[in-house]
Amino acid sequence: MIRSELVQLLVDDNPGLSAREVEKIVSVFFDDIVGRLTEDGRVELRGFGAFSTRARDGRTGRNPRTGETVDVAPKRVPYFKPGKEMRVRLNV
């Protein structure tokens with residue numbers, strides 16, 4: 001499902017809200033998740049899962065076009081751990 005499909009589904013389920021209002025709600029929701037992760041926080045949605053970040057060490061990589069080695073800086077990457085209810089529903 002892509003963002004526009006999510007917005008349309010929410011508009012269909014909530015006829016009292018306009019598409020613009022639903023888009024604003026979805027944007028605030030996602031922006032808050034990203035903001036919390038940016039602060040090195042964690043976002044937990046009970047029954048769904050938890051979003052957090054993981055640190056990746058720097059390493060030596062390879063440019064696939066030229067084959068030359070390049071240094072890849074350490075970085076943080078997003079990580080999602082599904083909740084128990086989601087795991088159960090996926091493995092029924």
Side-chain angles (χ1 to χ4, degrees):
M1 175 181 287
I2 60 175
R3 184 183 184 119
S4 60
E5 292 172 340
L6 175 62
V7 169
Q8 188 58 51
L9 183 68
L10 291 171
V11 168
D12 294 344
D13 287 349
N14 299 285
L17 297 173
S18 70
R20 187 169 292 191
E21 291 170 326
V22 172
E23 175 63 38
K24 177 81 171 159
I25 292 166
V26 170
S27 292
V28 166
F29 181 74
F30 288 140
D31 290 345
D32 283 351
I33 290 174
V34 171
R36 176 65 68 172
L37 293 177
T38 301
E39 298 167 358
D40 209 18
R42 181 173 191 259
V43 177
E44 183 176 334
L45 303 172
R46 298 285 171 146
F48 183 72
F51 296 93
S52 61
T53 58
R54 296 256 171 114
R56 291 245 175 110
D57 293 333
R59 60 185 174 84
T60 301
R62 187 180 66 84
N63 182 333
R65 182 173 289 174
T66 64
E68 83 179 69
T69 60
V70 292
D71 288 329
V72 178
K75 58 186 169 185
R76 290 184 356 206
V77 294
Y79 176 75
F80 175 74
K81 181 178 180 184
K84 181 179 179 182
E85 184 178 323
M86 179 186 284
R87 286 192 311 269
V88 168
R89 289 179 66 181
L90 288 174
N91 294 305
V92 169

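Side-chain contact check for Met1 versus Leu9: some heavy-atom pair is nearer than 4.5 Å. For the pair Ile25/Leu10, no side-chain contact is recorded, criterion being any heavy-atom separation below 4.5 Å from C-beta on. Residues Arg46 and Glu85 form no side-chain contact, since every pair of their non-hydrogen atoms from C-beta on lies 4.5 Å or further apart. Looking at Leu6 and Phe30, their side chains come closer than 4.5 Å, going by heavy atoms from C-beta outward.
By the criterion of side-chain heavy atoms lying less than 4.5 angstrom apart, applied directly or through intervening Ile, Leu, Val, Met, Phe, Trp or Tyr residues, Val77 is not grouped with Phe51; the two fall into different hydrophobic clusters. Under the 4.5 Å side-chain heavy-atom criterion for grouping Ile, Leu, Val, Met, Phe, Trp and Tyr, Val28 is not connected to Phe48 through any hydrophobic cluster. Note on Val26 and Val34: separate hydrophobic clusters, where clusters join Ile, Leu, Val, Met, Phe, Trp and Tyr whose side-chain heavy atoms are under 4.5 Å apart, directly or indirectly.
The line from NZ of Lys84 to CZ of Arg87 is 8.0 Å long, rounded to the nearest 0.5 Å. Put simply, CG on Asp12 and CG on Leu17 are 12.0 Å apart, with the number rounded to the nearest 0.5 Å. Expressed to the nearest 0.5 Å, how far OH of Tyr79 lies from CZ of Arg56 amounts to 11.5 Å. Once rounded to the nearest 0.5 Å, the distance linking CZ of Arg59 with CG of Asp71 reads 10.5 Å. In this structure, Arg54 CZ and Lys81 NZ are separated by 8.5 Å, a value rounded to the nearest 0.5 Å. Interatomic distance, Arg76 CZ to Asp40 CG, rounded to the nearest 0.5 Å: 4.5 Å.
When atom types are taken as modelled, the side chain of Glu39 and the backbone of Arg36 share no donor-acceptor pair closer than 3.5 angstrom. Side chain of Asn63 to backbone of Arg65: a donor-acceptor contact under 3.5 angstrom is found.
Atom CZ of Arg3 has more than 12 neighbouring heavy atoms from other residues, nucleotides or ligands inside a 6.0 Å radius.
Side-chain contact check for Gln8 and Ser4: no donor-acceptor pair (N or O, by modelled atom type) lies under 3.5 Å.
The two residues Met86 and Pro82 come nearest to each other via the heavy atoms SD-CB, 3.7 Å. Pairing each heavy atom of Arg42 with each of Ala50, the nearest pair is NH2-CB, 3.3 Å. Gly67 and Arg62 get closest at one heavy-atom pair: O-CG, 3.5 Å.
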